[in-house]
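A quick write-up on the structure given underneath.
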2 protein chains.
Amino acid sequence: MDIPEANGQAAGVVAQDAGLSAHEALAVVLQIRRGELCVLLWRRALPPCEGEWALPGGRLRPEESLGASIRRQLAQKVDVRDLSHLEQLETRSDPDRNPQRRTLATAYLGLVPADIDPVVPDDTRWHPAADLPPMAFDHASIVRAGRRRLRAKLSYTNVGFALAPPEFTMSELSGYYRAALGHDVAATNLRRVLLRRGQIEETGRSVPSGRSGGRPAALFRFRSLSLQITDAFAVLRPPGPGSGGL
Amino acid sequence: MDIPEANGQAAGVVAQDAGLSAHEALAVVLQIRRGELCVLLWRRALPPCEGEWALPGGRLRPEESLGASIRRQLAQKVDVRDLSHLEQLETRSDPDRNPQRRTLATAYLGLVPADIDPVVPDDTRWHPAADLPPMAFDHASIVRAGRRRLRAKLSYTNVGFALAPPEFTMSELSGYYRAALGHDVAATNLRRVLLRRGQIEETGRSVPSGRSGGRPAALFRFRSLSLQITDAFAVLRPPGPGSGGL
DNA sequence: GCAAAAGTGTTCGGGATACACCCATGC
DNA sequence: GCATGGGTGTATCCCGAACACTTTTGC
């Protein structure tokens, strides 16, 4: 997949004079697995950073956008249809981030719902996002940026739809929130918050209680499966009645 | 400044096969001028988009980061020391965003305090951000993205420090907030909010009242001149006393 | 004294957490 | 009936907006 070194270097020297540079798309793909926030990484078999873990992604092709590029490249790691959300994070451009050759990288945040278990290649594995293995280049800090972004957006958007399966009980959902946020989230209040904001709704069906009894849990679903800002302007909101003021 | 077309095209064809692409840094430079949020634009004298207005910026050089690049290029438009804040916005990669040649652009948001009036070149002018002239490429939508970012960050960070002069009265500050947010902000409440959050402090000095009388206004300053998140986790905050909960 | 602008005190309401209590089910 | 887990009601607190009132100045 990589261009041979000699070729890459030669083209680089010529092209950089013309304002060109190598560019790759990377993705922080997150999923809640067994109650833990995990990130999809692959293990580099070749130098540089041999043996270290890296984010999926790779070179941008001439006629594709960055979004299309990361979708194409993720298809080699997971079924792209498994991705419930994808958004751009940031572009890293430190000239030394790749010691071999100057490479810009645009990072994306991808989310996979908790109910599916994509088949991944042999070199690829899910790692707890809170306990990363030795990682190549600046990829560890990119993972942390993705985690921060997810945590922030859980507070003011409906991005939970991308972590949860199509239907879920409130205790399941609070488990996803706990894993992503890193702290307890009371199911009873989460329910009210998300209902008031119009993020979720009851399906009308429920799940039979387990062997130890207990009231059957109602099934909910997210009302929208695309990103919506549900709590904009926490402060400094526009004045006047009807705008959220007094 | 631009590389001649023939040269650029030829290098592009060769280089794109090697995974290289043209990359530029752009900046949405915003300043409050006469009570209005304005953006710094320059008028293109040559095709493509001749006569339309464009964001300052240009090609990334081989050994500079994007941040360094946009700072260098802004130096041709405004004194870089005038910039009170600079942060990355997003990277645009639509293959057709520049019809002449495939170009990636990483946009930055730059802020200039309200008290200075940088000297700008002849082709460059401040335009109201709410009423943009005909703009080149996708630059109009980038300006809107920068405006959205600023508005959001005024609510949960201390980014106001980058809009205001070193010292200011509360009515001046509420004017900056009004211009940036697009709605009225009561100075009396703004004072309390920013004081409680520890964003601003009194200098101890005050401004003599004007010809028409009135109590002299106290002078304030921001306590930090670098970006701080002062109101994280508006909702779904960690449980337990001492963490912001009950 | 009066107008004008700044600053303070107070009320109000929304929204989020915490917690007690009620409901439905399995055994 | 009782344990178990889900759901509802309610108290409390924080915080921002609104607004009346006080303070300090110029004329």
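Convention: sequence-line order gives letters A, B, ...; per-chain numbering from 1. Since we're looking at a predicted model, the values are computed, not measured.
- Taking every heavy atom of residues 165-190 of chain A and every atom of DNA chain D, pairs under 4.0 Å involve A:S171, A:T188, by number.
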Side-chain donor-acceptor contacts of residues 143-166 of chain B below 3.5 Å, not counting sequence neighbours, with atom names and distances?
residue : atom : partner : partner atom : Å
B:R149  : NH1  : B:E87   : OE2          : 2.8
B:R149  : NH1  : B:Q88   : O            : 3.2
B:R149  : NH2  : B:L89   : O            : 3.1
B:K153  : NZ   : B:E87   : OE1          : 3.2
B:K153  : NZ   : B:E87   : OE2          : 3.4
B:S155  : OG   : A:V235  : O            : 2.8
B:T157  : OG1  : B:K153  : O            : 2.6
B:T157  : OG1  : B:V159  : N            : 3.1
B:N158  : OD1  : B:Q228  : N            : 2.7
B:N158  : ND2  : B:S226  : O            : 3.0

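- Residues passing the side chain to side chain contact (heavy atoms under 4.5 Å, CB included) test with A:E202 are A:R191, A:A218, A:F220, sequence neighbours excluded.
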Going 5' to 3' along nucleotides 21-27 of chain C, which nucleotides have protein heavy atoms under 4.0 Å from the base (write B), which only from the sugar-phosphate (write S), and which from neither (write -)?
--BBBSS
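- A side-chain hydrogen bond (donor to acceptor under 3.5 Å, both in side chains) check over residues 126-135 of chain B, counting only residues at least two apart or in different chains, returns nothing.
- Residues forming a side chain to side chain contact (heavy atoms under 4.5 Å, CB included) with B:A186 (at least two apart in sequence, or on another chain): B:T188, B:N189.
- Across residues 191-206 of chain B, B:R192, B:V193, B:R196, B:R197 each have a non-hydrogen atom less than 4.0 Å from an atom of DNA chain D (numbered order).
- Checked against salt bridge (Lys or Arg N to Asp or Glu O under 4.0 Å), B:E90 has the following partners two or more places apart in sequence or in another chain: B:R92.
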Listing, residues 207-217 of chain A side-chain donor-acceptor contacts under 3.5 Å, not counting sequence neighbours, or none:
residue : atom : partner : partner atom : Å
A:S209  : OG   : A:G214  : O            : 3.0

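- Remark: A:A232 pairs with A:I229 by the side chain to side chain contact (heavy atoms under 4.5 Å, CB included) rule, at least two apart or across chains.
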Return a table of donor-acceptor pairs under 3.5 angstrom between the side chains of residues 115-125 of chain A and protein atoms on other chains or two or more places apart.
residue : atom : partner : partner atom : Å
A:D117  : OD1  : A:R33   : NH1          : 3.1
A:D117  : OD1  : A:R33   : NH2          : 2.9
A:T124  : OG1  : A:K77   : NZ           : 3.4

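- Sorted by first then second residue, the salt bridge (Lys or Arg N to Asp or Glu O under 4.0 Å) pairs that include residues 174-190 of chain A, not counting sequence neighbours, are A:R178-A:D184.
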